[in-house]
Amino acid sequence: IMQKKGREYEVLKQQWKSVSPAQLKRFALYRDRETLVEKDVLRTDRALPFYAGENNRNVDELYEMLMTYCQYNFDLGYVQGMSDLLSPLHMLFEDKLMAFWAFVGYMDKVESHFFLDQQKIQGKLSELSSLVYYCDSELFNHLEKEDSSNFFF
């Protein structure tokens, strides 16, 4: 199974890596996603030894996996924060194929939380707000005073 998944990963990777400069000029969505991935990867867990230092292979692999995921799930692509979900899997497995396919499986379960309309995640934040209201009214009042009871911080 892993050989098959390895070949599938390589095909997806080659698809995004083979975008020509001429295509790139006409592909704003790709450029936007690539820019987001680059920014997030550079910020992800750099204090941890696994990602520390310049020219770190693990940082390069994280970038590669996220760009490959954009190719795998073209409709969703990349949403800020996905690097924070993939990073622990990458550290855990220390194998990009295992990490990538575990991430794919996870995203298949939670991708609705990442849709642009953010309806699902807003519902979860509303539930969290209600929970804090009932469990810790002092904290809730402080958050409300700071205009943060919507949990958008």
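Computed from a prediction, not measured in an experiment: that's the story for all the values here.
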Checklist entry - Measuring from Leu62:CG to Thr44:OG1, what's the distance to the nearest 0.5 Å? => result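 Rounded to the nearest 0.5 Å, the CG-OG1 separation comes out at 5.5 Å.
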Next on the checklist: Rounded at 0.5 Å granularity, tell me how far CG in Leu29 sits from CZ in Phe74.
Outcome noted: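 Taking CG in Leu29 and CZ in Phe74, the distance rounds to 6.5 Å.
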Checklist entry - Is the centre of the His90 ring less than 6.0 Å from the centre of the Phe103 ring? => result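 Here the rings of Phe103 and His90 have centres that are no less than 6.0 Å from each other.
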Checklist entry - Looking only at heavy atoms, what is the nearest atom pair of Asp40 and Ser83, with distance? => result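 Closest approach of Asp40 to Ser83, heavy atoms only: CB-OG, 3.5 Å.
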Checklist entry - Quick one: OG on Ser87 to OH on Tyr51, what's the gap to the nearest 0.5 Å? => result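 Answer for the OG-OH pair, Ser87 versus Tyr51, is 3.5 Å.
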Next on the checklist: Taking side-chain contact (heavy atoms from CB on, under 4.5 Å) as the definition, give me every residue that meets it alongside Leu92, ordered by chain and number, with sequence neighbours left out.
Outcome noted: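 Testing Leu92 for side-chain contact (heavy atoms from CB on, under 4.5 Å), a comparison that skips the adjacent residues, returns none.
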Checklist entry - Do other residues, nucleotides or ligands put more than 12 heavy atoms under 6.0 Å from Phe93 CZ? => result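 Yes, because the 6.0 Å sphere around CZ of Phe93 holds more than 12 heavy atoms from other groups.
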Checklist entry - Would you call Asp60 and Arg57 a salt bridge, using N to O less than 4.0 angstrom? => result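 Here Asp60 does not pair with Arg57 in a salt bridge, since their nearest N and O are not under 4.0 Å apart.
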Item to check | Pair Asn73-Met107, side-chain contact (heavy atoms from CB on, under 4.5 Å): steps then yes or no | outcome: CA-CA 10 Å; Asn73 188 338; Met107 289 305 299; 5.9 Å; no
Item to check | Shortest non-hydrogen contact from Arg46 toward Val41 | outcome: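 That would be CD-O, 4.2 Å.
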Checklist entry - Which atom pair, heavy atoms only, marks the closest approach of Cys70 to Gly77? => result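 Answer, listing the atom of Cys70 first, then Gly77: SG-C, 3.8 Å.
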Item to check | side chain to side chain donor-acceptor pair (under 3.5 Å) partners for Trp101, two or more places apart | outcome: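 Residues passing side chain to side chain donor-acceptor pair (under 3.5 Å) with Trp101: none at all.
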Checklist entry - Should Leu24 and Trp16 be regarded as members of a common hydrophobic cluster, given that ILVMFWY residues are connected when their side-chain heavy atoms come within less than 4.5 Å of each other, either directly or indirectly? => result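 Yes; Trp16 is reachable from Leu24 via cluster members.
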Next on the checklist: According to a hydrophobic-cluster definition based on side-chain heavy atoms being under 4.5 Å apart (Ile, Leu, Val, Met, Phe, Trp, Tyr only), do Leu48 and Leu42 belong together?
Outcome noted: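 As far as the 4.5 Å side-chain criterion goes, Leu42 and Leu48 are not connected within one cluster.
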Checklist entry - In terms of hydrophobic clusters joined by side-chain contacts under 4.5 Å, are Leu97 and Val11 together? => result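 Looking at the clustering, Val11 is in a separate group from Leu97.
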Item to check | Residues in side chain to side chain donor-acceptor pair (under 3.5 Å) contact with Glu10, at least two apart in sequence or another chain | outcome: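 Side chain to side chain donor-acceptor pair (under 3.5 Å) check on Glu10 returns Lys13.
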Item to check | Residue pairs involving residues 27-38 (criterion side chain to side chain donor-acceptor pair (under 3.5 Å); sequence neighbours excluded) | outcome: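 Applying side chain to side chain donor-acceptor pair (under 3.5 Å) to every pair that reaches into residues 27-38, excluding sequence neighbours, yields Glu34-Tyr63.
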Could you list the donor-acceptor pairs under 3.5 angstrom formed between side-chain atoms of residues 138-146 and any protein atom two or more places apart in sequence or on another chain?
from	atom 1	to	atom 2	distance (Å)
Asn141	ND2	Ser137	O	3.2

Next on the checklist: I'd like to check Met91 versus Asp45 (side-chain heavy atoms, cut-off strictly below 4.5 Å). Are they in contact?
Outcome noted: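 Counting from C-beta outward, Met91 and Asp45 do come under 4.5 Å.
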Item to check | Between CG on residue Leu131 and CG on residue Asp136, distance to nearest 0.5 Å | outcome: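 CG of Asp136 is found 10.0 Å from CG of Leu131.
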Checklist entry - What's the spacing between Tyr78 OH and Tyr69 OH if we round to 0.5 Å? => result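 Output value for this atom pair is 11.5 Å.
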Item to check | salt bridge (Lys or Arg N to Asp or Glu O under 4.0 Å): pairs with one or both residues in residues 93-107, sequence neighbours excluded | outcome: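 Residue pairs with at least one partner in residues 93-107: Glu64-Lys96.
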Checklist entry - Measuring from Tyr106:OH to Met82:CE, what's the distance to the nearest 0.5 Å? => result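 It is 10.5 Å, given to the nearest 0.5 Å.
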